[in-house]
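Atoms within each ligand, like the ligands themselves, are counted from 1 in listed order.
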Amino acid sequence: MRAVIRLFFKLVRLIVTPFLLSWEWLAGRPTVHRSAQAQQRLDAVTAGMTLYQFKTCPFCVKTRIHIKRLGLNIATRDAQHDQQARAELQSGGGKIQVPCLRIAGDDGGMWLYESTAIIAHLDALAADLR
Ligand SMILES: N[C@@H](CCC(=O)N[C@@H](CS)C(=O)NCC(=O)O)C(=O)O
């Protein structure tokens with residue numbers, strides 16, 4: 001029975017994945033235009049950020065699209081297949097849940113979970129550093 005359930009979810013993933021990635025490709029275009037100086041200021045801040053994610057998680061796709069729309073340069077780590085990234089997420093953030101935005105800081109930084117919280121944080125950052 002477990003094998004059948006696993007096969008079912010594998011099939012669903014196989015069908016849904018191309019649609020998800022096409023959605024990301026189509027929707028993930030910058031919609032915000034800013035001066036080179038403003039982009040530099042933002043790049044300096046986002047250099048300290050890393051998005052831990054799975055390639056085909058819908059919440060991660062949504063977050064990646066938003067990052068692209070805002071024109072932010074944020075490094076990503078694959079916490080599904082990269083065992084080192086997965087271990088970092090588990091030990092730093094406390095749980096395996098994606099997306100999770102790691103924000104480096106002198107005090108050890110923070111691990112921000114929940115796609116809506118990540119998007120709200122990045123919206124506020126982009127608005128502040130306009
Ligand atoms: N409410 C969360 C949901 C995130 C979520 O459910 N992520 C799934 C992947 S789609 C996850 O991290 N699962 C953990 C795992 O598969 O180990 C959000 O919006 O970020």
Side-chain angles (χ1 to χ4, degrees):
M1 188 60 189
R2 284 176 72 176
V4 175
I5 292 172
R6 213 173 303 139
L7 185 67
F8 172 75
F9 281 108
K10 203 171 179 172
L11 270 174
V12 169
R13 222 173 24 241
L14 269 176
I15 294 165
V16 169
T17 294
F19 289 100
L20 268 178
L21 297 181
S22 303
W23 172 42
E24 179 174 5
W25 186 77
L26 287 169
R29 308 282 157 114
T31 56
V32 175
H33 302 285
R34 60 178 66 91
S35 68
Q37 289 93 333
Q39 186 66 48
Q40 267 179 7
R41 281 198 300 275
L42 265 171
D43 285 349
V45 176
T46 56
M49 295 180 176
T50 308
L51 186 75
Y52 287 74
Q53 43 95 47
F54 295 173
K55 190 158 182 57
T56 56
C57 154
F59 302 98
C60 301
V61 172
K62 177 181 87 169
T63 306
R64 291 198 305 264
I65 287 174
H66 204 78
I67 288 171
K68 286 177 187 159
R69 285 186 164 180
L70 287 177
L72 302 178
N73 295 307
I74 297 179
T76 57
R77 302 288 310 272
D78 182 346
Q80 189 169 22
H81 301 109
D82 178 341
Q83 292 311 309
Q84 195 190 329
R86 197 175 176 86
E88 285 167 14
L89 177 61
Q90 175 70 65
S91 64
K95 60 181 174 181
I96 300 295
Q97 183 185 299
V98 290
C100 177
L101 184 68
R102 161 117 171 88
I103 305 169
D106 294 339
D107 53 352
M110 69 180 275
W111 297 77
L112 184 61
Y113 285 97
E114 292 296 329
S115 52
T116 47
I118 295 169
I119 286 170
H121 180 80
L122 296 176
D123 277 342
L125 179 73
D128 276 357
L129 297 180
R130 226 175 345 187

Nearest protein heavy-atom contact for atom 1 (N) of ligand 1: which residue, which atom, what distance? Glu114 OE1, 2.7 Å
Go through ligand 1 atom by atom and flag the ones less than 4.0 Å from a non-hydrogen atom of Ile96. 14 (C), 17 (O)
Pairwise distance CG(Asp123) to NE2(His121) - rounded to 0.5 angstrom: 10.5 Å
Residue, atom name and distance, where the atom is the protein heavy atom closest to atom 9 (C) of ligand 1: Cys57 SG, 3.6 Å
Just to confirm my output: which protein heavy-atom neighbour is closest to atom 12 (O) of ligand 1, and how far is it? Val98 N, 2.8 Å
Donor-acceptor under 3.5 Å (Tyr52 side chain, Ile96 main chain): no
Rounded to the nearest 0.5 Å, the CD1 atom of Ile119 sits from the CZ atom of Arg69 at a distance of 10.0 Å
Hey, what do you get for CD1 (Ile65) to CH2 (Trp25), rounding to the nearest 0.5 Å? 12.5 Å
Taking heavy atoms and a distance under 4.0 Å, where does Phe54 meet ligand 1: side chain, backbone, both or neither? side chain
Pro99 neighbourhood, listing ligand 1 atoms whose heavy-atom distance to it stays under 4.0 Å: 20 (O)
Show me which atoms of ligand 1 lie under 4.0 Å from any heavy atom of Gln97. 2 (C), 12 (O)
Phe59 N/O to ligand 1 N/O under 3.5 Å: no
Heavy-atom proximity to atom 20 (O) of ligand 1 ranks first, among Cys60, Ser115, Ala117, for Ser115
Any N/O of Lys62 closer than 3.5 Å to an N/O of ligand 1? no
Any Lys/Arg nitrogen of Lys55 or Asp78 sitting under 4.0 Å from an Asp/Glu carboxylate oxygen of the other? no
Does this structure show an ion pair linking Glu24 with Lys68, if we count only N-O contacts that are shorter than 4.0 Å? yes
Could you give the distance from CG (Leu51) to OG (Ser115), rounded to the nearest 0.5 Å? 10.5 Å
